[in-house]
Amino acid sequence: MFRTKLFQTSLPDILVTFSIMAATRKPKLIIFDVDYTLWPFWADTHVVSPFRKEKVGTVLDGRNRKVKYYSDSPVILQTLSSEGYELAVASRSDTPDRVRSILKLLDWEKCFSYTQIYPGTLYIGIFTSNLYFDRLKKQSGTNFNDMLFFDDEPRNISDTSELGVHAVLVERGINWKVVNDALDQFAAKR
Ligand SMILES: [Mg+2]
């Protein structure tokens, strides 16, 4: 009986089964840096408070300049969130209040289950990277190897990769290709 079943399963069937298994391997927590990952500026130097939202939905800073973002950012956050992914922000910023205000006014805040935004630094080595990601691990109960992280700073990518996080360098702002490629790589990784 067993032999018969075995021989009835063709190699293509087996490959399809493996590829379905790989495709279902998903990150449990997806973490985004903000400056030059979701938007094209540094919140602590390029924009000023107070921020406000116009009736048409545009967010302006204290000098009446439009607060820009990478065009795919809002849809990426909304789509991943509605597909059931837990999302988080990890940002080193000397002005966490500005980052929080912008996230709130852009209406992105609701997409994030966890936020780690404060001065100090993800940028000076493994110990401080650990701080952000240790907190996210504790808050979410998610292991590092179930996390996917997007950031524009190569140092942060190498530091968090050492923890076991699947970290992806974003070179010209987040976009769908970067996200889809990262999800494919994550699925294929283990
Ligand atoms: Mg950045």
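In listed order, ligands and their atoms are each counted from 1.
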Under 2.8 Å: N/O/S of Asp35 next to the Mg ion (ligand 1):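 It does; at least one qualifying atom falls short of 2.8 Å.
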Any N/O/S atom, side chain or main chain, of Asp152 closer to the Mg ion (ligand 1) than 2.8 Å?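 Asp152 does place an N, O or S atom closer than 2.8 Å to the Mg ion (ligand 1).
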List the residues meeting side chain to side chain contact (heavy atoms under 4.5 Å, CB included) with Glu171, not counting sequence neighbours, and say none if there are none.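 Glu171: side chain to side chain contact (heavy atoms under 4.5 Å, CB included) contacts with Leu169.
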Are Asp35 and Arg98 within salt-bridge range, i.e. N to O under 4.0 Å?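 Salt bridge absent between Asp35 and Arg98.
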Check all N, O or S atoms of Asp33 and name the one closest to the Mg ion (ligand 1).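 Of all N, O or S atoms in Asp33, the Mg ion (ligand 1) lies closest to OD2.
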For the aromatic rings, using the six-membered ring if either is Trp, is the centroid distance between Phe41 and Tyr36 under 6.0 Å?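 No; Tyr36 has its ring centre 6.0 Å or more from that of Phe41.
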Which residues satisfy the ring pair (Phe, Tyr, Trp, His ring centres under 6.0 Å) test with Phe150, sequence neighbours excluded?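 Expected list: Phe32.
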